[in-house]
Amino acid sequence: MAFIIDGNKIAADIRKEVKTQAMELKEKEGVVPGLAVVLVGEAPASLVYVKRKGIACAEVGFLSREYRLPSDAKEKDLLEVIAGLNSEKEIHGILVQLPLPIHINPDTIIEAIDFRKDVDGFHPYNMGRLLAGNPAHVACTPKGIVELIKRSGITIEGKEAVIVGRSNIVGKPLALLLLAHHATVTVCHTRTIHLSEITKRADILVAAVGKPEMIKADMVKAGAVVIDVGVNRLDDGRLAGDVDFTEVAEKASYITPVPGGVGPMTIAMLLKNTLDAARLSAK
Ligand code: NDP
């Protein structure tokens with residue numbers, strides 16, 4: 001039976017560290033980290049995420065501000081809000097909650113954020129820095145995954161890592177991060193042929209697909225580290241990951257649960273990125 005990686009516990013440890021470091025920053029430099037979260041529309045999942053981010057900020061002593069625009073807000077309205085936040089001294093991190101309504105181009109919005117305040121790590125400048133092997137703000141979920149692996153005492157260097165999923169927010173940045181940690185990385189997607197042949201090679205297997213329980217035990221090497229990024233709501237209301245936890249846990253050496261694995265790390269890394277942005281502004 002695999003060791004179950006406790007994302008809630010590791011994320012709580014990180015939040016504690018962030019809180020202490022934020023207090024030190026306030027004492028030494030008089031700077032309180034500030035995060036602005038911008039929400040367009042009222043999608044229920046986004047409302048929940050935004051609320052959680054506000055609570056997490058309050059717990060570590062950050063300033064947090066929420067900006068809400070109606071779902072029919074124009075792109076230029078959102079750009080105006082971002083321009084204002086870019087020049088606000090008290091705000092060190094800007095997060096625009098995705099997805100945006102269809103009439104707003106997310107790339108235009110992300111590129112409008114000052115890259116120093118891009119705590120989501122989605123700005124082309126930050127993506128480029130990661131690609132160049134000189135990361136600045138790194139996307140929160142991939143950063144959280146690497147932190148989970150390292151804090152569980154698992155070595156990345158020299159390992160064969162396979163990621164299923166190539167999105168800009170998880171799969172691609174994670175591939176670059178694992179490469180920077182000297183793993184040998186393969187990225188799979190819908191056009192991958194013989195998927196299970198590749199996943200079975202993995203010492204570290206990451207599923208970021210969005211398909212409930214699609215990774216089965218026969219796709220996993222005995223003793224592999226299995227990280228499940230998926231968050232899928234089943235018809236009966238339960239949450240399921242992309243990994244069939246019950247059968248894969250019998251074969252893996254380490255596994256993350258859903259919920260309570262990668263999820264809590266994403267917000268912890270958002271706090272860490274905001275703290276880093278505030279420190280930079282103090283310099
Ligand atoms: P996307 O839908 O953007 O990307 C999914 C990826 O999976 C694509 O690259 C797609 O390939 C690939 N894929 C889909 N089906 C298959 C298949 N049958 N075989 C192989 N590859 C496949 O999703 P995200 O990256 O945004 O999210 C992935 C999952 O992670 C979701 O469940 C999401 O909810 C969750 N998530 C969780 C977070 C957390 O904090 N815990 C944060 C972000 C996401 P192709 O490119 O060819 O279409």
Side-chain angles (χ1 to χ4, degrees), residues 5-8 10-12 14-15 37 43-46 48-53 55-56 95-100 102 106-107 110 119-122 127 130 138-149 161-178 185-202 205-216 218-220 226-235 237-245 248 255-273:
I5 297 176
D6 187 348
N8 284 323
I10 296 174
I14 293 170
R15 289 199 305 268
V37 179
S46 294
V48 171
Y49 291 140
V50 167
K51 193 172 163 209
R52 276 195 206 150
K53 287 165 187 168
I55 293 171
L95 183 151
V96 177
Q97 186 65 44
L98 300 177
L100 288 166
I102 196 85
D107 293 336
I110 289 164
V119 284
D120 250 343
F122 296 159
M127 296 281 255
L130 183 60
V138 174
C140 300
T141 303
K143 185 170 172 169
I145 292 169
V146 168
E147 203 64 32
L148 262 189
I149 296 173
V162 174
I163 303 163
V164 189
R166 57 172 166 183
S167 71
N168 285 344
I169 63 168
V170 187
K172 277 188 217 162
L174 179 62
L176 293 167
L177 264 187
L178 290 173
V185 183
T186 305
V187 183
C188 303
H189 44 80
T190 51
R191 317 294 163 88
T192 299
I193 300 166
H194 306 313
L195 179 66
S196 60
E197 296 302 314
I198 300 169
T199 55
K200 266 194 283 193
R201 293 203 315 247
L205 176 62
V206 183
V209 188
K211 298 263 150 61
E213 300 179 345
M214 78 160 262
I215 303 290
K216 303 289 181 189
D218 63 3
M219 300 170 75
V220 177
V226 179
I227 307 291
D228 190 352
V229 188
V231 181
N232 308 288
R233 182 69 66 186
L234 302 179
D235 290 341
R238 276 186 308 127
L239 272 191
D242 290 341
V243 175
D244 187 329
F245 183 88
V248 174
I255 191 166
T256 62
V258 175
V262 172
M265 293 300 287
T266 299
I267 290 191
M269 292 301 119
L270 173 67
L271 299 173
K272 218 164 188 302
N273 281 351

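All of these numbers come straight from a predicted model, not from anything done at the bench. Whatever order the structure lists them in is the order used to number ligands and atoms, beginning at 1.
- Residue contacts with ligand 1 for Thr192 are absent, since no atom lies close enough (heavy atoms, distance under 4.0 Å).
- Under the side chain to side chain donor-acceptor pair (under 3.5 Å) criterion, Asp244 pairs with Lys216, not counting sequence neighbours.
- Contact annotation for Val209 and ligand 1: heavy atoms of both the backbone and the side chain come within less than 4.0 Å of the ligand.
- Remark: Arg191 engages no residue in a side chain to side chain donor-acceptor pair (under 3.5 Å) (not counting sequence neighbours).
- Heavy-atom distances between Gly171 and ligand 1 stay at or above 4.0 Å for every pair.
- The closest approach between Ala208 and ligand 1 falls below 4.0 Å for a heavy atom of the residue.
- Of all the heavy atoms of Lys211, the ones lying under 4.0 Å from any atom of ligand 1 belong exclusively to the side chain.
- Nearest non-hydrogen protein atom to atom 24 (P) of ligand 1 is Ser167 OG, 3.7 Å.
- Here the protein heavy atom with the shortest distance to atom 20 (C) of ligand 1 is His189 O, 3.3 Å.
- Taking each of Leu270, Val231, Leu174 in turn, the one with a heavy atom nearest to atom 34 (O) of ligand 1 proves to be Val231.
- Other residues, nucleotides and ligands place no more than 12 heavy atoms under 6.0 Å from the CD1 atom of Ile193.
- Distance check for atom 48 (O) of ligand 1: a protein heavy atom is found below 4.0 Å.
- Both the backbone and the side chain of Val229 come within contact range of ligand 1, each with a heavy atom under 4.0 Å.
- At a 4.0 Å heavy-atom cut-off, ligand 1 touches Thr190 through backbone and side chain alike.
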